[in-house]
K.L.:
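Here's a structure for you.
Each chain gets a letter, A, B and so on, in the order the sequences are listed, and its residues count up from 1.
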Amino acid sequence: MAHVSDLIATDIEAYLHQHERKGLLRFITCGSVDDGKSTVIGRLLYESKMLFEDQVAAIEADSKKFGTQGGEIDFALLVDGLAAEREQGITIDVAYRFFSTDRRKFIVADTPGHEQYTRNMITGASTADAAVILIDARKGVLTQTRRHSYLVSLIGIRNVALAINKMDLVDFSEATFRAIEADYRAFAARIGLENITAIPLSGLRGDNMVERSARTPWYKGPTLMEFLETTEVDEDRLQGEPFRLPVQWVNRPNLDFRGYCGVVTAGVVRPGDRVRVLPSGRESTVTRLVTPTGDLPEAVAGQSVTMTLADEVDISRGDVIATADAPPEVADQFECTVVWMADEPLLPGRPYLLKIGARTVSATVTDAKHKVNINTMEHLATKALALNEIGVCNIAIDRPIAFDPYRANKDTGGFILIDRMTNNTVGAGMIHFALRRSHNIHLQHLDIDKRARAQLKGQHPVVLWFTGLSGAGKSTIANLVEKRLHALGRHSYLLDGDNVRHGLNKDLGFTEADRVENIRRVAEVAKLMVDAGLIVLTAFISPFRSERALARSLLGENEFVEIHVDTPLDVAESRDVKGLYKKARRGELRNFTGIDSPYEPPEQPDLRVNTVETTPEQAAELVIEKLRGLGLLDP
Amino acid sequence: MKLTHLQRLEAESIHIMREVIAESDNPVMLYSVGKDSAVMLHLARKAFYPSVPPFPLLHVDTTWKFRAMYEMRERMAREMGMQLLVYQNPEAAKLGINPFDHGSQIHTDMWKTQGLKQALDLHGFDAAFGGARRDEEKSRAKERIFSFRSAQHRWDPKLQRPELWRLYNGRKHKGESMRVFPLSNWTELDIWQYIHLEQIPIVPLYFAAERPVVDRDGTLIMVDDERMRLKPGEVPMMKKVRFRTLGCYPLSGAIESSADTLVAIIQEMLLARTSERQGRMIDHDTAASMEKKKQEGYF
């Protein structure tokens with residue numbers, strides 16, 4: 001792969017010395033095939049001489065066969081090789097390509113296609129130091145250009161090359177170039193993009209790609225390659241920020257060694273530095289930076305290290321070690337921007353897993369504030385986020401974490417959301433700031449606790465969670481169970497639609513989002529009642545597994561008994577005590593479970609009662625037996 | 001201090017390995033004895049030092065590797081102090097599958113693809129490191145670093161998860177698994193430069209030496225043991241050759257070369273005119289062959 005350097009043949013050692021010590025820039029290209037994006041990437045690969053002769057020969061042959069350049073090399077073919085796969089129905093989201101010059105190695109994230117564009121571009125851009133935004137000189141700044149630029153600014157890329165391409169088709173007109181540049185800069189300032197380098201380009205002819213073009217004598221700036229070789233690498237900048245190390249893994253080969261492993265995501269660290277561990281707040285001093293070939297005198301942003309500390313501090317995966325002078329904040333509620341990446345919408349109130357650094361916690365969106373129209377940057381009111389939508393939300397997590405605002409540090413401020421059931425990555429988020437209430441509300445330590453209250457009542461507090469279709473018999477059975485418990489001298493409370501929907505939850509309707517919130521509130525109330533020492537019976541359809549899993553997760557071991565009141569739809573419908581099924585069938589009632597809204601039956605309930613084969617009285621007896629079996633009715 | 005591209009690649013690979021160890025129950029490293037495996041093993045040592053890497057090495061053996069590769073395998077496992085698991089598909093052994101009678105496709109499928117699946121099932125591994133790189137082949141350019149596999153080891157494009165920042169999602173249900181590629185962002189040149197810089201031991205077959213070979217339609221095949229079937233009149237000749245990629249010896253093409261030092265190899269590669277995978281016969285099928293193999297469970 002003939003790198004141009006003469007050193008290869010004459011002094012390979014000198015060549016290696018130079019090339020083993022060059023930097024790395026990751027960048028993303030934004031634009032469509034119409035802007036000549038593939039041609040520009042293809043030419044960068046070609047000009048950097050990263051192609052082997054068999055690859056060039058293949059391209060030359062393909063150019064004659066399929067090319068659009070009249071037999072000349074069609075550079076676009078170098079990167080459009082995935083077309084065949086597209087035809088096979090294989091999704092291409094982000095393709096990564098590699099080339100290098102004497103000064104740098106490059107990783108290009110290329111996001112082909114228009115479908116799923118937001119999700120793909122955000123993914124490709126999340127690791128990029130710079131962006132190349134392509135514009136067709138004949139068309140100027142389009143909606144698409146604004147959309148790409150907004151996403152680039154959102155993900156926090158600081159350096160942008162505005163490649164005004166196809167200059168050969170506008171006779172290399174300076175006036176055209178300047179007009180587009182001015183237009184773009186005015187827009188970019190509004191979305192907070194500052195470092196913009198506009199370059200007049202012809203990917204097809206090669207003007208200002210690598211060599212300064214004689215056809216643009218009026219242009220004094222860098223060529224595209226010069227821009228890529230000199231623009232700032234984000235990790236170099238991050239060395240100037242306060243030190244951060246999210247702990248990935250604790251290395252304990254024997255009792256005498258305890259090393260904390262992770263990537264330095266910002267700053268510089270040296271033995272002797274004072275550090276603070278978060279969220280605990282304990283402090284210690286760095287003693288060693290350990291490697292197999294000897295200890296390091298310092299480590300900088302971007303390096304993976306193993307660190308030891310002077311004191312025995314309890315540190316586990318997910319904690320953050322930071323400089324004691326400027327530690328990150330600790331909070332459990334945030335305002336953030338969320339990009340949604342799944343077919344199923346994001347629903348406020350539904351529990352997701354949130355992974356930030358090396359920590360995974362349970363999270364719910366408490367409030368969707370607005371979504372953004374990415375073409376116009378308009379804010380629109382919303383309750384949920386659909387695939388490829390971007391919104392600003394409040395998020396609450398189940399325990400405090402250390403974080404930095406995303407714009408200060410992508411690694412301690414960026415997170416992904418994971419669906420608890422499918423385990424898929426469904427969203428990406430960027431923290432703006434902690435909510436003030438998060439700072440001010442501290443859990444009050446109480447002397448009289450759950451155990452004390454339960455002891456006074458002489459019972460085991462527990463939630464009996466009845467789930468099933470409308471008309472399955474949940475309330476009837478729960479009512480009978482409560483009577484039995486009462487007779488046994490137990491303190492109990494039955495939560496059902498009647499006493500909750502008319503009061504606490506009267507602001508909620510029956511959309512999927514409202515149903516999720518309904519159940520979340522019921523689960524929280526049930527938790528408080530268990531805390532008060534009660535046996536709580538809840539009788540709600542609670543159709544989604546996620547929310548039932550949330551309820552379970554709020555409670556302790558042996559404090560949650562899931563009872564599936566299992567009645568086939570046709571049986572429940574034929575009973576139709578309240579006449580609701582008829583209404584739903586007539587279309588007068590929307591989002592009715594079993595008709596036009598799904599019911600996800602429990603996979604492993606603690607108890608399943610079949611109401612076709614058993615009477616309500618027998619079912620109630622089964623529940624009591626189950627409680628006895630679990631030891632929950634023991635004195 | 002500005003980090004070099006190799007330092008950044010190294011840091012990324014180490015980060016990936018540590019994430020896998022933290023998020024999986026029963027990880028394993030697939031070790032193929034080639035140069036990429038050598039780099040991966042070296043990185044594992046760095047990632048977990050002073051501990052021994054907390055997972056075993058698994059060699060899915062075809063019984064047709066070069067003898068020098070078997071020697072290297074034993075030596076590296078010993079020096080690293082790691083457990084080495086060798087798996088040979090018993091069905092392929094029973095049927096006597098070999099590259100001469102069955103061709104490269106059946107040979108690879110039976111020994112490697114099926115063998116790998118059987119070995120992973122046998123030990124219940126839920127995460128397996130592989131040394132594949134995105135620059136190796138067009139269809140790999142979009143491969144994830146954490147590649148998700150169903151309980152049947154199938155690669156389903158719809159199940160692949162977006163990977164943002166340094167955040168990898170290693171969560172899975174019972175029976176499902178991950179193939180993880182810590183070298184995704186390395187190129188062939190990066191691998192060689194790193195081997196040079198870190199003085200990583202590699203199989204001697206990469207260096208030019210006098211070796212007995214036969215010329216099969218322009219491809220030089222080394223006669224590594226007595227199982228090599230010679231065609232009538234074919235006589236092995238001694239030539240100074242080396243290998244750019246290693247696999248089963250009857251399926252690996254050698255190139256004539258005098259490069260017998262690491263620096264000379266890199267110099268020769270930089271001046272070379274054909275890409276690395278040309279010598280690997282397994283890719284010579286259709287363009288989308290790698291994609292298909294992947295869906296079937298080949299690494």
K.L.:
Which bit of A/Thr123 is near chain B, if near means a heavy-atom gap under 4.5 Å: side chain, backbone, both or neither?
P.N.:
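Both the backbone and the side chain of A/Thr123 come within 4.5 Å of chain B.
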
K.L.:
First locate atom NZ of B/Lys2, then atom CG of A/Leu24, and finally report the distance between them rounded to the nearest 0.5 Å.
P.N.:
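Rounded to the nearest 0.5 Å, the NZ-CG separation comes out at 13.0 Å.
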
K.L.:
Please classify the contact between B/Gln267 and chain A as side chain, backbone, both or neither, with a heavy-atom cut-off of under 4.5 Å.
P.N.:
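Contact with chain A is through both the backbone and side chain of B/Gln267.
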
K.L.:
With sequence neighbours left out, what residues match B/Pro54 under side-chain contact (heavy atoms from CB on, under 4.5 Å)?
P.N.:
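Here the qualifying residues are A/Trp249, B/Ile21, B/Phe48.
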
K.L.:
Would a 4.5 Å heavy-atom cut-off, applied to side chains only, mark B/His5 and A/Arg104 as touching?
P.N.:
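Side-chain contact under 4.5 Å: no.
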
K.L.:
Go through it in stages, so that I can follow the logic: the residues are B/Tyr49 and A/Thr291, the test is side chain to side chain contact (heavy atoms under 4.5 Å, CB included), and I'd like the CA-CA distance, side-chain angles, deciding distance and then a yes or no.
P.N.:
CA-CA 7 Å; B/Tyr49 180 84; A/Thr291 84; 5.7 Å; no

K.L.:
Nearest 0.5 Å please: distance from the CE atom of B/Met1 over to the CD atom of A/Glu298.
P.N.:
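Interatomic distance, B/Met1 CE to A/Glu298 CD, rounded to 0.5 Å: 5.5 Å.
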
K.L.:
State, with a plain yes or no, whether a side-chain heavy atom of A/Lys105 is found less than 4.5 Å away from one of B/Leu189.
P.N.:
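SC-SC contact between A/Lys105 and B/Leu189 ruled out.
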
K.L.:
Name the option with the most non-hydrogen atom pairs under 4.5 Å to chain B; the candidates are A/Val233, A/Val300, A/Asn251.
P.N.:
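Most pairs with chain B among the choices: A/Asn251.
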
K.L.:
Between A/Ala128 and chain B, which part of the residue has a heavy atom less than 4.5 Å away: side chain, backbone, both or neither?
P.N.:
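Neither part.
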
K.L.:
Is any side-chain heavy atom of B/Arg161 closer than 4.5 Å to a side-chain heavy atom of A/Ile418?
P.N.:
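They are not in contact (no side-chain heavy atoms under 4.5 Å apart), so the answer is no.
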
K.L.:
Counting heavy-atom pairs closer than 4.5 Å to chain B, which one of A/Asp236, A/Thr293, A/Thr306, A/Thr127 comes out on top?
P.N.:
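Highest number of heavy-atom pairs under 4.5 Å: A/Asp236.
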
K.L.:
Please classify the contact between A/Leu353 and chain B as side chain, backbone, both or neither, with a heavy-atom cut-off of under 4.5 Å.
P.N.:
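Contact with chain B is through the side chain of A/Leu353 alone.
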
K.L.:
Which bit of A/Leu16 comes within less than 4.5 Å of chain B, counting heavy atoms only: side chain, backbone, both or neither?
P.N.:
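When you check distances to chain B, only side chain atoms of A/Leu16 fall under 4.5 Å.
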
K.L.:
Looking at A/Asn254, A/Thr265, A/Ile107, which one has more heavy-atom pairs under 4.5 Å with chain B than the rest?
P.N.:
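Option with the top pair count is A/Ile107.
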
K.L.:
Can you tell me which portion of B/Arg8 sits under 4.5 Å from chain A's heavy atoms? Options are side chain, backbone, both or neither.
P.N.:
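Answer is side chain: those atoms of B/Arg8 sit under 4.5 Å from chain A.
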
K.L.:
If you compare all heavy atoms of A/Pro253 against all heavy atoms of B/Ser51, which two are closest, and at what distance to 0.1 Å?
P.N.:
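Smallest interatomic distance, heavy atoms only, reads CB-OG, 3.3 Å.
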
K.L.:
Just so I know, are the side chains of A/Met341 and B/Leu164 near enough to count as touching, which here means a heavy-atom distance under 4.5 Å?
P.N.:
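Heavy-atom side-chain distance check passes, below 4.5 Å.
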
K.L.:
Does the side chain of B/His196 reach to within under 4.5 Å of the side chain of A/Glu13, using non-hydrogen atoms?
P.N.:
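In contact.
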
K.L.:
Which bit of A/Arg317 is near chain B, if near means a heavy-atom gap under 4.5 Å: side chain, backbone, both or neither?
P.N.:
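Side chain of A/Arg317 only, per the 4.5 Å heavy-atom cut-off to chain B.
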
K.L.:
For the candidates B/Lys172, B/Glu176, B/Gln7, which exhibits the highest count of non-hydrogen atom pairs separated by less than 4.5 Å from chain A?
P.N.:
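If we count pairs closer than 4.5 Å to chain A, B/Lys172 comes out on top.
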
K.L.:
Which bit of A/Tyr96 comes within less than 4.5 Å of chain B, counting heavy atoms only: side chain, backbone, both or neither?
P.N.:
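Both the backbone and the side chain of A/Tyr96 come within 4.5 Å of chain B.
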
K.L.:
Can you tell if the side chain of B/Thr187 reaches within under 4.5 Å of the side chain of A/Phe99, non-hydrogen atoms only?
P.N.:
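They are not in contact (no side-chain heavy atoms under 4.5 Å apart), so the answer is no.
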
K.L.:
Tell me, side chain or backbone of A/Glu20 under 4.5 Å from chain B's heavy atoms, or both, or neither?
P.N.:
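Its backbone and side chain both get close to chain B.
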
K.L.:
Donor-acceptor pair, distance only, cut-off 3.5 Å: does the side chain of A/Lys355 make one with the backbone of B/Tyr168?
P.N.:
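Side chain of A/Lys355 to backbone of B/Tyr168, a donor-acceptor pair under 3.5 Å: yes, one is there.
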
K.L.:
To the closest 0.5 Å, what do you measure between OG (A/Ser100) and CG (B/Asp190)?
P.N.:
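That separation rounds to 7.5 Å.
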
K.L.:
Where the side chain of B/Asn169 meets the backbone of A/Asn423, is there a donor-acceptor pair that is under 3.5 Å apart?
P.N.:
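Yes; judged by distance alone, with no hydrogens or angles, the pair exists.
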
K.L.:
Hey, does B/Glu23 have a side-chain heavy atom less than 4.5 Å from the side chain of A/Thr360?
P.N.:
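In short, these two side chains touch, coming nearer than 4.5 Å.
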
K.L.:
Any side-chain heavy atom of A/Ser304 within less than 4.5 Å of one from B/Glu10?
P.N.:
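With C-beta onward as the side chain, the pair stays apart.
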
K.L.:
Does any backbone or side-chain atom of B/Ser184 lie under 4.5 Å from a heavy atom of chain A? Answer side chain, backbone, both or neither.
P.N.:
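Contact with chain A involves the backbone of B/Ser184 alone.
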
K.L.:
Go through the atoms of A/Thr422 and report whether side chain, backbone, both or neither lie under 4.5 Å from a heavy atom of chain B.
P.N.:
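Answer is backbone: N, CA, C or O of A/Thr422 sit under 4.5 Å from chain B.
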
K.L.:
How about CZ on B/Arg45, more than 12 heavy atoms from neighbouring residues, nucleotides or ligands closer than 6.0 Å, or not?
P.N.:
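Not more than 12 within 6.0 Å, no.
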
K.L.:
Distance-only, no hydrogens or angles: does the A/Ser126 side chain make a donor-acceptor pair with backbone N or O of B/Trp165 under 3.5 Å?
P.N.:
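Yes, the answer is positive, given that a donor and an acceptor are paired below the 3.5 Å cut-off.
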
K.L.:
What part of A/Gln248 gets closer than 4.5 Å to chain B, counting heavy atoms only: side chain, backbone, both or neither?
P.N.:
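When you check distances to chain B, atoms from both the backbone and side chain of A/Gln248 fall under 4.5 Å.
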
